[in-house]
Structure formats: C-alpha cells, structure tokens
Amino acid sequence: MTFFWRYPAPLAALAVAALAVLPGTAVAEPVQSLQAIADAASRAAVSRARQAGFEDLEVTVQPLDQRLRLPACGTPLATAVTGSSPRLGTMSVKVRCAEPAPWSLYVQATVLATLEVPVLVRSVGRGERIARSDLELVRREIGTRPGTLILDPARIVGLEARRDLPAGSTLQQGLLAAPLLVERGQTVTLVAGSAGLEVRMQGRALDSGAAGDRLRVTNLSSGRAVEGVVAEDGTVRIP
C-alpha cells in the first residue's frame, strides 16, 4: 500500500527549518515503496506468461509484510523469474536493487490466463473413443500446469479415455491415449522395403501398440524376432 502525506506549504517550511536548527536531529532515510516492488514483480510475471503466448492474463501478487523497510532504490528495480517457475500459475520473482544500498527480495506472483479450451459435452467412459461432436470450445481460466492441456480439438479426436471422464472436463495428455491397433499375440502383416519394392510376410506381435509405436514381432516364416513400427493401417513396417 502506498501512503501519501501532504503538508501545507507554511508548515512544511517550519518543519524543515526546525530540523535544520535542532542539534542531533536525524533525517529519516527514504524507504522503498512496497507497491513499486509488487508492481515490478507483476510486470515480470506477465512478461514470462506472454513469452509463452498467453495474452488474456490476471496477476495476483502475494501481499508483502507492511513492516518491511528497505532503502529506497536509486535505479529502476531489476527482476528475474526463477528458471523452475511455470509460465502460468504461481511463480517466484526476484526483485533486486543495485544501488545505493543493494538488496533483493523474492515475491510470489500467481498468473492466470483465460483461454478457449475444448471440454467434453458428455460423459465418456474408460476405453471409449472421443469424437468431434463430444467436444465444445469454452473460455476457461487456466493457471495450473497448462502445458498438459490439449488445446487443439483435432489432437483429441480418435483418442481413447484412460478413465471415466465427466461432462465438462478439460482434456489433459495423461487422460487420453491412442487406440491400440495391434494386440499382443495378434497375427500382423510385416512390411519391409520401399514403396517401389515391398515384401510382405506374416508375423505374431510380441507386444501391443498404437500407431507410431515400436514393437517386437516374430516372423512366422523364419521364426526370428524383429522390431518394427505400427502403421496407421495396422501393419508393422520393418526398417
């Protein structure tokens, strides 16, 4: 909180004169404004969030102890957000004064961003695939672990829920998984070679996998175990 003191001109002049003539009178050192410290921390937190692409922001700075008395800074306050702090949510901001009397202070700031995020319009059961009609875009205030949220509906469609999800849920990476195209023990088609010259053979999957996963397969002709990548059509391509 910033306090403003106003003295009528004649009284102010008398006060200055009194201080000049009284022996042993000490002039109080100027004190740093706590509001200026909070403002500096707020600007640093907003800057960090904007560097990550967030725009519609709300910042709250943890109140500073009103008993704090720091020497007034003669230069603009420097700030730095600790490297481990998130882009959104609660972060620690170091506010530093270089001169005339150096000091530094850590301030907690919480940044929230309002984003359009896809949410479920109905409850989805475990193992159920999500369709585009299951999603709608809703403006939500986001602050905690925004990096795990999936913001593009196209990245959600076709994925399976790893557990029951209620209507209104936002979708995070750990809640969804690509559907398995190959089950362990399943007979699959192995594809080797290039598009101009492909060799196809039968194999038995030793692991389960979704599109893009690497898994081991036994070549039924040779009996050898080989490793390949699951293609979108369920075949396993051998490099």
Side-chain angles (χ1 to χ4, degrees), residues 1-9 11-12 15-16 19 25-120 137-153 155-156 165-166 168-176:
M1 180 179 298
T2 304
F3 296 94
F4 296 92
W5 299 90
R6 176 173 296 181
Y7 296 92
L11 292 179
V16 172
L19 289 175
T25 302
V27 179
E29 292 292 333
V31 176
Q32 177 64 48
S33 163
L34 299 186
Q35 184 63 55
I37 296 174
D39 289 344
S42 176
R43 289 192 297 271
V46 167
S47 176
R48 183 175 178 83
R50 284 182 173 161
Q51 287 172 5
F54 301 107
E55 288 298 334
D56 191 355
L57 303 172
E58 179 180 317
V59 185
T60 303
V61 176
Q62 182 177 336
L64 299 174
D65 189 340
Q66 295 299 309
R67 297 170 297 178
L68 189 62
R69 295 290 184 269
L70 294 171
C73 196
T75 58
L77 295 174
T79 57
V81 180
T82 58
S84 59
S85 291
R87 300 291 182 176
L88 291 180
T90 300
M91 59 187 73
S92 180
V93 181
K94 182 179 181 180
V95 182
R96 182 174 59 85
C97 173
E99 57 184 36
W103 53 261
S104 62
L105 182 70
Y106 284 92
V107 180
Q108 296 290 319
T110 301
V111 184
L112 303 178
T114 300
L115 307 172
E116 267 200 345
V117 296
V119 302
L120 291 174
L137 291 174
V138 176
R139 290 187 69 79
R140 289 274 180 93
E141 203 170 57
I142 304 299
T144 305
R145 299 176 62 195
T148 64
L149 285 177
I150 304 176
L151 302 179
D152 183 1
R155 292 181 53 206
I156 299 173
L165 299 173
S169 297
T170 55
L171 285 309
Q172 300 181 11
Q173 294 172 8
L175 300 178
L176 305 173

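In this structure the side chain of Leu70 reaches within 4.5 angstrom of the side chain of Leu68, judged on heavy atoms. Contact check for Leu176 versus Arg155: no side-chain heavy atoms found under the 4.5 Å cut-off. Put simply, the side chain of Leu171 reaches to within 4.5 Å of the side chain of Leu120, judged on heavy atoms. At a threshold of 4.5 Å between non-hydrogen side-chain atoms, the residues Leu112 and Ile142 do not count as touching. Side-chain contact between Pro118 and Ile150: absent, with no pair of heavy atoms (C-beta onward) separated by less than 4.5 Å.
No donor-acceptor pair under 3.5 Å is formed between the side chain of Glu141 and the backbone N or O of Thr114. Looking at Arg69, its side chain does come within 3.5 Å of a backbone N or O of Gln66 through a donor-acceptor pair.
To the nearest 0.5 Å, the span separating SG on Cys73 from CD1 on Ile37 amounts to 9.0 Å. We find the CZ-CG distance between Arg139 and Asp56 to be 5.5 Å, quoted to the nearest 0.5 Å. Separating the CG atom in Leu88 from the CD atom in Glu58 is a distance of 12.0 Å, to the nearest 0.5 Å. How far CG of Leu115 is from OG1 of Thr170: 11.0 Å, rounded to the nearest 0.5 Å.
Contacts classified as salt bridge (Lys or Arg N to Asp or Glu O under 4.0 Å) and involving residues 35-51 (residues at least two apart or in different chains) are given here: Arg50-Glu55.
Here the closest non-hydrogen pair linking Val59 and Ser42 is CG1-OG, 3.7 Å. In plain terms, the two heavy atoms of Ala38 and Val61 that are nearest each other are O-CG2, 3.8 Å. Across all non-hydrogen atoms, the minimal contact from Leu77 to Ala36 is CD1-O, 3.8 Å. Of all the heavy atoms in Ala40 and Thr79, the pair that sits closest is O-CG2, 3.6 Å.
With sequence neighbours left out, Asp65 forms a salt bridge (charged side-chain N to carboxylate O under 4.0 Å, His left out) with Arg67.
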Side-chain donor-acceptor contacts of residues 90-109 below 3.5 Å, not counting sequence neighbours, with atom names and distances?
{"from": "Thr90", "atom 1": "OG1", "to": "Thr110", "atom 2": "OG1", "distance (Å)": "3.0"}
{"from": "Trp103", "atom 1": "NE1", "to": "Pro71", "atom 2": "O", "distance (Å)": "3.0"}

What verdict does the side chain to side chain contact (heavy atoms under 4.5 Å, CB included) test give for Val119 and Arg140, after you've listed the backbone C-alpha separation in whole Å, the side-chain angles of each residue and the deciding distance to 0.1 Å?
CA-CA 10 Å; Val119 302; Arg140 289 274 180 93; 4.0 Å; yes
